[in-house]
Number of protein chains: 2
Amino acid sequence: MAATDAVVGSGIKGVTRASGAGAISPGATAAAGRPRSEQTHRAILDATLALLSEVGFAALTVEGVASRAGVGKATIYRRWASKLPLVVEAFDGLPGFEETDTGTLAGDLKAMLSGYLKNFLATPLATVYPSLAAERSHNPALGEVLDPVLVGRRRPLDAALERAVARGEIAADTDLEMASDLIVGPIAVRLFFRGARIHPAMVDDMVELALHGIKRASPTTAAADESTGKR
Amino acid sequence: MAATDAVVGSGIKGVTRASGAGAISPGATAAAGRPRSEQTHRAILDATLALLSEVGFAALTVEGVASRAGVGKATIYRRWASKLPLVVEAFDGLPGFEETDTGTLAGDLKAMLSGYLKNFLATPLATVYPSLAAERSHNPALGEVLDPVLVGRRRPLDAALERAVARGEIAADTDLEMASDLIVGPIAVRLFFRGARIHPAMVDDMVELALHGIKRASPTTAAADESTGKR
DNA sequence: ATAGAATCGAGACGTATAGTATCGTAATCT
DNA sequence: AGATTACGATACTATACGTCTCGATTCTAT
């Protein structure tokens with residue numbers, strides 16, 4: 001009899017983490033027997049990232065991860081119910097926006113977005129993004145695992161918007177969630193849906209357009225408009 | 001000897017259409033033998049759409065389409081190299097933006113976007129969108145088949161922007177491609193990446209935000225600002 | 001009319017991956 | 001020391017892919 005080994009979590013369609021021997025708050029069920037190796041955990045996540053870079057999400061197989069990490073398949077399934085939550089957890093460790101405070105909203109956004117573009121969006125790893133988006137639409141349960149990660153990743157952007165409100169740079173009643181979508185949206189669409197590339201210089205124009213709107217989209221004006229509240 | 005049957009196209013990784021007995025301009029190679037049934041063609045596309053609605057892109061199988069359409073698998077593979085170009089062609093027949101000319105850019109955008117939201121984005125079929133986006137990032141060849149379709153679908157939106165330029169409503173040197181991304185981007189991100197819903201009333205606010213920019217995001221002002229070039 | 005060619009639906013076939021189950025072994029807790 | 005659990009490895013079932021073959025059908029060319 002192979003005893004217990006693992007009881008898969010509450011997950012619908014294998015999206016949630018399997019069981020949690022990891023960083024659970026003390027006082028939980030006292031585990032007996034051999035504990036799960038944190039080293040193995042990392043090896044699996046590293047192998048996942050490596051393969052994501054090399055072959056992409058679609059071609060990523062659990063067997064491939066297992067063999068790359070030098071572990072058995074069961075060891076992976078014991079921790080993650082499927083490749084989805086595994087990828088989400090690996091994704092969570094990837095570089096995000098670099099917190100930046102230049103004093104102006106335009107400055108913050110341009111700095112953070114161009115940095116993110118260079119450090120992440122321009123790498124093969126960026127393709128996980130649309131892949132996870134596609135999966136979530138078929139599997140709503142994935143959202144519950146993915147959303148906290150996404151919110152966390154966009155946090156520096158939201159912080160910049162909040163600073164702009166505090167500074168009086170933008171209206172106090174601005175819908176920040178919508179504003180955040182307006183900044184990130186065009187980039188995501190261009191990159192992932194349309195499959196076009198984004199030249200670093202283009203980021204500045206996109207930020208200006210989002211800040212001043214289509215009705216004022218005059219490149220010359222926008223370029224000359226440096227932090228002046230003018231008009 | 002099973003004669004010729006089909007020569008798969010130039011496609012990398014089976015993305016392009018297989019062969020083209022369909023609507024080819026006359027004067028081409030005189031085809032001998034039994035012609036492909038246009039009726040069968042439609043039955044396959046219809047079955048594809050039905051299954052896309054029911055099970056989504058990820059769970060869509062060629063075998064499933066074949067059995068639903070009452071055709072053999074080979075009949076499908078003879079026309080499409082894989083499920084990707086099949087879905088793209090089916091996708092192409094789906095409802096898009098309804099050409100609308102209200103006289104103002106804001107009016108056009110609000111009408112077309114809310115209509116599109118209701119007729120397509122709110123249906124299960126909308127999930128093909130992120131799925132195709134994900135696939136294209138792993139398979140660049142898909143872009144060549146998908147891009148013309150996407151461009152065509154966004155055409156009414158671009159036309160509205162062009163009318164606005166002609167009217168003098170927005171600057172003549174506006175980057176329309178970028179403007180188009182700015183309008184569509186937030187909706188796509190919210191819907192597909194963040195998995196959030198979009199209330200019909202929200203569309204108007206999103207349009208206003210895109211038109212006037214974050215720096216002027218004052219709902220009261222935006223709402224009162226009807227076509228006046230004021231400010 | 002007849003021969004040739006390419007289609008049709010059906011389904012067998014080999015390959016690949018998913019996810020489960022079962023080894024014997026190793027590590028840790030009580 | 002003994003119970004308990006994780007470990008790597010691998011066998012297993014099930015599903016889908018994409019190819020291929022079959023006999024039958026439907027068209028063109030002669």
Side-chain angles (χ1 to χ4, degrees), chain A residues 1-9 11 13-15 18-22 28-44 47 51 55 57-87 135 139, chain B residues 1-9 11 13-15 18-22 26 28-44 47 51 55 57-86:
Chain A
M1 292 286 131
T4 326
D5 215 60
V7 177
V8 171
K13 278 232 174 178
V15 159
S19 73
T29 36
R34 178 177 177 176
R36 292 190 187 161
S37 160
E38 205 54 47
Q39 198 172 325
T40 300
H41 202 84
R42 278 249 51 91
I44 295 170
L51 285 174
V55 305
F57 177 88
L60 183 82
T61 69
V62 175
E63 282 181 329
V65 173
S67 98
R68 171 70 74 106
V71 306
K73 282 206 304 179
T75 302
I76 294 179
Y77 281 110
R78 205 176 284 118
R79 298 159 194 249
W80 296 278
S82 74
K83 88 170 175 179
L84 278 166
L86 168 61
V87 168
E135 293 296 332
N139 195 341
Chain B
M1 291 283 131
T4 325
D5 217 62
V7 178
V8 170
K13 278 228 173 182
V15 159
S19 72
T29 37
R34 179 177 179 177
R36 292 190 188 162
S37 160
E38 204 54 48
Q39 198 172 326
T40 300
H41 202 84
R42 277 250 52 89
I44 294 170
L51 286 174
V55 305
F57 176 88
L60 183 81
T61 69
V62 175
E63 284 181 328
V65 172
S67 99
R68 170 70 73 106
V71 306
K73 282 205 304 179
T75 302
I76 294 179
Y77 281 109
R78 208 176 283 119
R79 297 159 193 248
W80 297 277
S82 74
K83 87 170 175 178
L84 278 166
L86 168 61

Legend entry - Base dG19(C) to side chain Lys73(A), donor-acceptor N/O within 3.5 Å cut-off: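 Per atom types, the contact qualifies.
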Inset, instruction - Give a yes or no on whether a donor-acceptor pair under 3.5 Å exists between the nucleobase atoms of dA5(C), that is its base, and the side chain of Arg34(B). - result: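 Check fails, no donor-acceptor contact within cut-off.
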Taking the side chain of [X] as heavy atoms from C-beta outward, which of [options] is closest to it?
{"X": "Ser37(B)", "options": "dC8(C), dG8(D), dG19(C)", "result": "dC8(C)"}
{"X": "Ala74(A)", "options": "dT22(C), dA16(D), dA6(D)", "result": "dT22(C)"}
{"X": "Tyr77(A)", "options": "dT28(C), dG19(C), dG9(C)", "result": "dG19(C)"}
{"X": "Arg36(B)", "options": "dC7(D), dA21(C), dC8(C)", "result": "dC8(C)"}
{"X": "Ala32(B)", "options": "dA18(C), dA5(C), dC27(D)", "result": "dA5(C)"}
{"X": "Arg78(A)", "options": "dA5(C), dG9(C), dC7(D)", "result": "dC7(D)"}

Tell me: [atom1] of [X] to [atom2] of [N], nearest whole Å?
{"X": "Phe57(A)", "N": "dA18(C)", "atom1": "CZ", "atom2": "C1'", "answer": "14 Å"}
{"X": "Ile76(A)", "N": "dA6(D)", "atom1": "CD1", "atom2": "P", "answer": "15 Å"}
{"X": "Glu38(A)", "N": "dT28(C)", "atom1": "CD", "atom2": "P", "answer": "13 Å"}
{"X": "Ile44(A)", "N": "dG8(D)", "atom1": "CD1", "atom2": "C1'", "answer": "11 Å"}
{"X": "Leu60(B)", "N": "dT15(D)", "atom1": "CG", "atom2": "P", "answer": "17 Å"}
{"X": "Arg68(A)", "N": "dA9(D)", "atom1": "CZ", "atom2": "C1'", "answer": "19 Å"}
{"X": "Gln39(B)", "N": "dT7(C)", "atom1": "CD", "atom2": "P", "answer": "17 Å"}
{"X": "Leu84(B)", "N": "dA16(D)", "atom1": "CG", "atom2": "P", "answer": "17 Å"}

State the [atom1]-[atom2] distance between [X] and [Y], to the nearest 0.5 angstrom.
{"X": "Glu135(A)", "Y": "Ser82(A)", "atom1": "CD", "atom2": "OG", "value": "8.5 Å"}
{"X": "Ile44(A)", "Y": "Ile76(A)", "atom1": "CD1", "atom2": "CD1", "value": "5.0 Å"}
{"X": "Arg36(B)", "Y": "Arg79(B)", "atom1": "CZ", "atom2": "CZ", "value": "6.0 Å"}

Inset, instruction - Tell me what Gly70(B) touches on the nucleic acid: a base, only sugar-phosphate, or nothing, going by heavy atoms under 4.0 Å. - result: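 The residue Gly70(B) makes sugar-phosphate contact but no base contact.
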Inset, instruction - Map Thr61(A) and Ala69(B) onto DNA chain C by nearest heavy atom, then report which one ends up closer to the 5' terminus. - result: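 The residue whose closest nucleotide sits nearer the 5' end is Ala69(B).
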Inset, instruction - State, yes or no, whether a side-chain contact exists between Val65(A) and Trp80(A) at a heavy-atom distance under 4.5 Å. - result: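 In short, these two side chains do not touch, never coming nearer than 4.5 Å.
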Legend entry - Closest-nucleotide 5' rank along DNA chain D - winner of Glu63(A) and Val71(A):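 Of the two residues, Val71(A) wins.
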Inset, instruction - Answer yes or no for Lys83(B) and Tyr77(B): cation-pi contact, defined as NZ/CZ to six-membered ring centre under 6.0 Å and angle to ring axis within 45°. - result: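 That pair does not qualify as a cation-pi contact.
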